[in-house]
There are 2 protein chains.
Amino acid sequence: MSTKLADSADKSAPGGSQTLLRGLDVLDVIAKGPVDVARLAAALGLSKSTAYRLASTLVERRFLVFTPREGYSLGPKLMQLGYAARNQTALVRVAEPHLMQLSSVTEDTVHLAMLDQRKVLYLNIIPGQRRIVISSRIGERQPLTSTGLGKALILNRSEKEWEQFYIEEGSKHRSQQSFAAWLKRMKDYRRQGITLDLEENEANIRCVAAPVLNEGGDIIAAISVTGHAQNMTDDRMRSLSEDVLHTAQAISADLGYSGG
Amino acid sequence: MSTKLADSADKSAPGGSQTLLRGLDVLDVIAKGPVDVARLAAALGLSKSTAYRLASTLVERRFLVFTPREGYSLGPKLMQLGYAARNQTALVRVAEPHLMQLSSVTEDTVHLAMLDQRKVLYLNIIPGQRRIVISSRIGERQPLTSTGLGKALILNRSEKEWEQFYIEEGSKHRSQQSFAAWLKRMKDYRRQGITLDLEENEANIRCVAAPVLNEGGDIIAAISVTGHAQNMTDDRMRSLSEDVLHTAQAISADLGYSGG
DNA sequence: ATTTCGATTTCACAATATAGAACGATTTCG
DNA sequence: CGAAATCGTTCTATATTGTGAAATCGAAAT
């Protein structure tokens, strides 16, 4: 289990470039919403002139845009790079045809997501034939323990880790189910290799999800089929489970996984 | 005379933070494809150790990911910020309901795009009811002079500018039409307030587009309806033109434009 | 016209980034 | 199987670069 994790949350900058780090911090601050120079400086704990210079540099490169009345906001360069980042992921390219097929077979919305810092990060969304209001977007991040995708992404973790995740997101559980009940379901899911979301994250929305494995057998992503509760009867979900599981396994196989 | 002061011919001098700029340059290099430290250093004209430190800092913040065999590639943080950047744009939020409606009326794919560095940058895509293979993605960038959206985005420019754009993208014109013919059409489009793409950018794909104006009357975006050539008869395109124009005007109005 | 607020610029100082060389761990090749 | 090459990583002295405080500029607001 010895993985070399650079887990230090050290702010004193060993091995890191301070100026670059501060510039990236600027992006994080502005991602929360537009701010002017003074507030930016305050949020970073820097002088106004330093904050200004960093922000100006980012504007020059179109990572930020400056609006006279409002302040700085995120710029188009980030959309461009976000798109490029997504396309560089081998997973996305490999999975796409499988997702298309799954979507056309089920006629429902199909998602691909990965784990990113204890959140579900959407990588791809194939809208279904039925016209659903899709509230999820590529690049968006959702909670782990109350979504089908999230539960699939942590399906092979220990019960200790499950508990940590669950506690962290305590506020996200609308149905106020106890951890014991949640744990019991997770164990069922683990046995079956698929997970469900029974309107836990969003009312009236249900989904079936399954993990995707890399050649080493690690869970690196998850896929799901999502639909309105009215279409998602128990029978249909059972049948969907098979489709989802098969597709997930097909993607895993394309990624080099050859386990049972 | 201070001898070491910024010589004006130097590109790195004014207003910018060098280290941050170099860090951002790293992202640009890696956006073209994964590279290892040595190649990165070469591409930037920096020493290996400097390139390494910049890249490591970016990895620490998840702007990059490092893969032992391949080198550095763009990280999930960029997807996250790309998503946030898109959502911060007032235009996207204002336009969305209008686009949804246009899509459901026309049953075809609807696009929203803005001008970004002489390219068409896609901001939103509403897939139509008809199942088209959508090759366009949010964050992607396409040429200006051969797409409906692109032509709409430069509809109010001078003929001199048009010529510049056209020459710049000379290689993009598949149908080898002369500039004179293109110019003539642009003038027609300007008169009508809408633009067309008659399979100029992609075979078998046609679209109708119109510009979106801000309160000052500047073109800040464009919308379009796209479909297979077989569905896009001259009659239908005439009728679509009206829908597209109305929607574009409605969005412009929501943005504060109140001109004729 | 006056005030106020925020965005820029200036400047002397010292903190920080820099390159190059050395190291260590792989992988490639003979 | 051993030698050489390759690639990532660490170290350190040097000066380039970033830094904050205060001054300046510009544009709204009063």
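Below, chains carry the letters A, B, ... as their sequence lines are ordered, and counting in each starts from 1.
In this structure, A:L123 and A:I138 have side chains that are not in contact, with every pair of non-hydrogen atoms separated by 4.5 Å or more. At least one side-chain heavy atom of B:I251 sits less than 4.5 Å from a side-chain heavy atom of B:L99.
Other residues, nucleotides and ligands contribute more than 12 heavy atoms inside 6.0 Å of the CZ atom of B:R141.
At the heavy-atom level, A:R39 lies nowhere under 4.0 Å from the strands shown.
OP1 or OP2 of D:dT19 lies within a sub-4.0 Å distance of a side-chain N or O belonging to A:R53. For C:dT18, the OP1/OP2 oxygens have a side-chain nitrogen or oxygen of B:R22 closer than 4.0 Å. For the pair A:R69 and D:dA29, the criterion of a side-chain N or O lying under 4.0 Å from OP1 or OP2 is met. Taking 4.0 angstrom as the limit, B:S17 places a side-chain polar atom (N or O) nearer than this to OP1 or OP2 of D:dG18. Close to C:dA19, at under 4.0 Å from its OP1 or OP2, lies a side-chain N or O of B:T50. Put simply, A:Y52 has no side-chain N or O that comes within less than 4.0 Å of OP1 or OP2 on C:dA7.
Atom CG in A:L44 sits roughly 15 Å away from atom C1' in D:dG18 (whole-Å rounding). In this structure, CG of B:L20 is placed 11 Å from P of C:dT18, rounded to the nearest angstrom. Here C:dT8 presents its C1' atom at 10 Å from CZ of A:F66, a figure rounded to the nearest Å. Rounded to whole Å, the distance from CD on B:Q18 to C1' on D:dG18 is 10 Å. Separating the CD atom of B:E60 from the C1' atom of D:dT9 is a distance of 15 Å, rounded to the nearest angstrom. Across the protein-nucleic acid pair, A:L46 atom CG and C:dT16 atom P stand 11 Å apart, rounded to whole Å. Here C:dT18 presents its P atom at 12 Å from CG of B:D25, a figure rounded to the nearest Å.
A search for side-chain contact (heavy atoms from CB on, under 4.5 Å) contacts involving A:S49 returns A:S47, not counting sequence neighbours. Listed by chain and residue number, B:D188 satisfy the side chain to side chain donor-acceptor pair (under 3.5 Å) test with B:R191 (two or more places apart in sequence, or in another chain).
A tilted orientation is assigned to the rings of A:F66 and A:Y72, their planes being inclined by 30° to 60°.
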I'd like a list of close polar pairs between nucleotides 22-27 of chain D and the protein, N/O only, cut-off under 3.5 Å.
none

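Residue B:E70 is the one, among B:T19 and B:E70, whose nearest nucleotide of DNA chain D lies closer to the 5' end (criterion: closest heavy atom). Residue-to-nucleotide proximity on DNA chain C shows that, of B:S47 and A:A38, the 5′-proximal contact is made by A:A38.
The closest donor-acceptor contact from the side chain of B:Q80 to the backbone of A:E140 lies at 3.5 Å or more, if one exists at all.
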